[in-house]
Trainee: 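A single structure is presented below for examination.
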Amino acid sequence: MPKKIKKTKTGGIANKPGYNHKSIEKKWQKAWEEQGIFSADDASAKTKFYSLDMFPYPSAYGLHVGHFKGYTLSDVIAKRKMMDGCEVLRPIGFDAFGLPAENFAIKTGIHPTVVTKKSIKNIRRQFKAAGLGYDWSREVIASSPDYYRWTQWMFLQLYKNGLAFRKKAPVNFCPSCKTVLANEQVVDGRCERCGSTVAKKLLEQWFFKITDYAERLLEGLDNIDWPEKIKTIQRNWIGKSYGTDIQFSFFTGTKEGDSRKLEVFTTRADTLFGCTYVVIAPEHPILEKLKPLISNWDEAAAYMSAALAKTEIERSAEDREKTGVELKGVRVVNPVNNTDLPVFIADYVLMDYGTGAVMAVPAHDQRDFLFAKKHKLPIVEVIKPKTGETTLPERAYEDYGVLQNSEVFSGLDSESGAKDIAKYLEKRGQGRSMVHYKLRDWLISRQRYWGAPIPMVICEKCGWQPVSESELPVLLPRIKDFKPTSDGKSPLARNKAFVKAVCPKCGGKAERETETMDTFVCSSWYFFRYTDPKNKAVFAAPEKIAKWLPVDLYIGGVEHAVLHLLYSRFFTKALKDFGYLDFEEPFLKLFSQGTIYYQGAKMSKSKGNVISPDKIIAEYGADTLRLYELFMGPMDQSSEWSDNGLAGIYRFLHKVWHLQYKVSDGAKDNQDILKLLHKTIKKVGNDLDSFRTNTAISALMILANELDKQPAVSKDSYLKFITMLAPMAPHLSEELWQIFGQEQSIFKNKWPAYDENLIQEKTIFLIVQVNGKTRGKIEIGTGVAEKEAKILAKDSEIVHKWVAGKEIVKTVYVPGKLINFVIKP
RNA sequence: GUCGAGGUGGCGGAAUCGGGAGACGCACUAGCCUUAGGAGCUAGCGGGGCAACCCAUGGGAGUUCAAAUCUCCCCCUCGACACCA
């Protein structure tokens with residue numbers, strides 16, 4: 001339990017009202033909404049600014065304070081932009097389909113429709129209570145038919161352009177959620193949602209061909225202002241590698257050989273002479289064709305089915321144990337030296353990367369090394385380390401070096417030798433330079449109820465047919481029995497009325513697809529819909545898209561680095577190719593807020609360490625919560641929640657409130673105060689521009705402390721101070737603004753400008769160092785020249801004391817900063 | 001293992017360009033005020049030393065008149081990926 005927090009009393013000066021967040025926050029939230037202060041005007045001629053927050057999934061538990069860090073930051077930036085004269089689009093909605101709502105519904109027995117509606121209402125209330133300035137007129141809810149109609153439309157566009165297709169493949173299946181999952185949703189072999197161990201199943205499913213866009217998804221990263229960290233995660237996920245596809249022909253003992261070829265992929269063609277066997281993935285389709293040649297087929301077949309039955313965890317848990325079976329009766333020929341080599345199947349080779357087969361070079365690849373040791377296969381060393389030191393025979397030597405035992409290539413540097421060997425193979429039609437990616441196609445089918453139905457029907461005669469666009473949406477029926485089953489079928493398959501369909505092509509008997517789409521499909525395009533959320537003719541009118549997009553600032557958690565953020569980029573590129581857009585990167589600038597930890601762990605319902613904003617807001621107010629989260633530290637760093645930290649912020653807001661009683665029209669500020677004020681305006685502006693809210697607040701605290709020491713404060717200075725505070729503590733600032741008789745909202749007011757002349761110092765303190773150690777400072781005029789400064793410094797007591805007659809061998813002068821005398825010891 | 005981010009008081013952090021280390025806030029200590037204090041105000045608050053001063057930004061070396069900041073090596077923490085050929 002959080003310990004009791006020290007509270008500041010709300011009273012203060014006799015007969016004058018104290019700071020009461022409860023009354024002012026509710027009042028302004030209502031007023032802003034009624035006046036539409038934060039609504040975007042499509043017709044505005046001002047510079048547009050599209051500020052996007054990742055829309056939340058409507059958790060039944062509501063949001064915790066950790067969620068508000070990002071939302072608050074973007075709210076501050078958006079409000080600042082407004083005050084800078086921009087027309088700001090700041091929408092919000094709910095990612096309402098998907099497993100969290102559905103799993104909660106299954107647990108409680110309440111229908112997902114009901115759960116979702118209730119959860120949305122609660123989170124909407126939380127957003128409003130935090131003073132987040134969203135344009136509620138543009139709210140989108142992904143589970144509502146006028147939204148998912150367009151999700152289905154998106155599917156159809158992808159289908160028509162060959163980017164949505166069915167494929168039978170080993171897919172990830174979560175036994176607890178009873179559905180297949182995308183690669184990106186499997187973390188460490190476990191379901192991202194429930195943590196169950198994911199099984200492999202061979203199923204025919206719907207995929208989006210994101211792999212077609214691998215290169216563009218990679219290239220696009222170079223031109224967007226995203227954190228390097230997230231770009232790196234995406235680059236690694238796409239996983240481009242350059243290498244060579246090499247063809248090994250099968251050796252049958254005859255001169256003609258066999259017309260069938262085995263293609264392997266390698267990034268190390270330089271090691272080809274060291275290849276002593278080849279390995280094929282157990283799922284490789286070529287095995288079926290080789291069956292007649294394989295004398296130990298039963299043994300091989302047993303290994304294949306065992307490999308398929310293994311989960312990712314089992315397969316990687318056996319990390320060092322390299323199992324496999326030799327395919328007796330099959331051998332291949334190394335194209336460079338015509339030696340014939342044995343062929344193995346082993347599950348350390350993956351089907352869905354490269355060609356699903358590798359050339360094994362035990363001397364120079366650790367995995368092959370372990371396998372060769374275990375199966376007593378020859379190890380041929382073809383690279384001599386340049387340094388003369390080798391890791392063999394303990395382990396494979398994997399670095400580059402000088403080629404040996406490689407016929408004409410011996411003696412070459414192995415890194416360039418790889419290119420020479422690749423060229424040699426290419427000339428003879430036995431290989432080619434090739435690029436492979438780790439990225440795999442996006443599996444979007446889900447055997448679950450709570451999602452957008454896939455708009456396809458299967459006809460007995462015509463096969464799979466898309467539902468006509470005019471028939472959309474394919475409505476998700478409200479069924480009572482929405483629980484998933486283990487038979488691999490969607491709950492919708494049990495609903496006869498839904499399944500029954502007519503073929504759009506021949507008009508004959510057909511059946512509707514009963515699977516629903518991955519919820520990440522819904523979130524891949526929602527930022528377009530915000531620009532035109534009620535349009536019934538198109539997903540968003542072209543002129544609205546042109547007006548607002550791309551998104552200027554997207555703030556959200558790093559957890560979507562390879563999920564939502566990759567999928568959305570893919571959708572945008574595809575829509576551009578279909579002719580709907582003229583840009584292909586949706587989010588120009590991305591910022592990822594750090595996680596808030598509590599009691600040493602990420603806040604989560606399951607760990608029981610969540611802090612609800614409701615409680616904090618009730619006790620201290622939204623402004624305190626906001627300011628505290630902005631003050632905790634750099635916004636991109638994770639930090640630990642501290643109950644005590646709130647108190648300091650609460651005190652600061654009280655101070656700001658009570659300062660109003662020192663303000664009078666007649667009061668004039670002295671030069672020091674004016675200088676500090678203008679310095680603060682400059683600093684807060686710069687800090688907010690670079691999201692350094694912690695130092696911006698610090699600067700405002702310093703100014704407040706100084707103002708508090710004055711007997712009186714001018715109205716002008718106070719209002720400027722309040723204006724700077726407004727994006728961060730909107731309620732208090734608006735209230736004070738109002739108290740001083742301002743008519744329009746503070747957010748319609750301009751961000752204050754600073755006067756450079758007022759900031760200019762007339763004198764500076766020149767730091768005096770002796771041998772690089774600071775020994776004091778002297779006050780001199782800013783215009784003082786080097787020569788004069790030196791004389792003044794030498795004349796000072798500091799130098800007299802520390803130099804004391806010793807010889808000055810060198811003087812370093814940094815204008816306006818310091819002077820350093822280097823003396824003989 | 002690979003890649004990425006980081007390591008500064010009792011704590012969160014500041015130092016934006018290589019130029020006074022510790023801003024601002026929390027916690028703590030003393031005093032004032034108060035019927036009371038979990039309020040407010042004043043002062044103190046990295047370590048050592050009576051002091052002059054000395055030491056100090058994970059550890060070690062280096063560059064420099066000058067290093068939290070730059071270079072090299074090492075240690076630790078967190079995050080991402082992880083049999084990717």
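Sequence lines set the chain letters: A, B, ... in the order given, protein chains first and strands last, and positions in each chain run from 1.
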Trainee: Give the dot-bracket line for RNA chain B from 5' end to 3' end: parentheses for intra-strand Watson-Crick or G-U pairs under 3.5 Å, square brackets for crossings, | for inter-strand pairing, dots for unpaired.
Mentor: (((((((..(((......[....))).(((((.......))))).(((....)))..(((((..]....))))))))))))....
Trainee: Are the charged groups of A:Arg432 and A:Glu263 less than 4.0 angstrom apart, N to O?
Mentor: yes
Trainee: Out of B:rG12, B:rG19, B:rA85, which nucleotide sits closest to the side chain of A:Phe631?
Mentor: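 For the A:Phe631 side chain, the nearest candidate turns out to be B:rG12.
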Trainee: Kindly state whether the ring of A:Phe344 and the ring of A:Phe371 have centres lying under 6.0 angstrom apart.
Mentor: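 Here the rings of A:Phe371 and A:Phe344 have centres that are less than 6.0 Å from each other.
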Trainee: Specify the separation, in whole Å, of atom CG of A:Asn686 and atom P of B:rU16.
Mentor: 13 Å
Trainee: Using a cut-off of strictly less than 4.0 Å, decide whether A:Asn705 has a side-chain nitrogen or oxygen near OP1 or OP2 of B:rG25.
Mentor: yes
Trainee: Using the side-chain heavy atoms of A:Asn820, tell me which of these nucleotides is nearest: B:rG19, B:rC24, B:rA85.
Mentor: B:rG19
Trainee: Counting side-chain heavy atoms from C-beta on, which of B:rA52, B:rC65, B:rC81 comes nearest to A:Trp237?
Mentor: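 Between B:rA52, B:rC65, B:rC81, the one nearest the side chain of A:Trp237 would be B:rC81.
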Trainee: Does A:Gln637 make a side-chain donor-acceptor contact with the base of B:rG6, cut-off 3.5 Å?
Mentor: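 Counting by modelled atom types and ignoring angles, no donor-acceptor contact under 3.5 Å is found here.
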Trainee: I'd like to know if A:Asn644 reaches the base of B:rC26 with its side chain, counting only an N/O donor and acceptor under 3.5 Å.
Mentor: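 Donor-acceptor pair under 3.5 Å: no.
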Trainee: State plainly whether the residues A:Lys662 and A:Asp708 are in salt-bridge range, i.e. N to O under 4.0 Å.
Mentor: yes
Trainee: Going by modelled atom types, is there a donor-acceptor pair between the base of B:rC81 and the side chain of A:Lys438 at under 3.5 Å?
Mentor: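 Side chain to base: no pair present.
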Trainee: Rounded off to whole Å, could you give me the CG-to-C1' distance for the A:Asn694 and B:rA23 pair?
Mentor: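 From A:Asn694 CG to B:rA23 C1': 11 Å.
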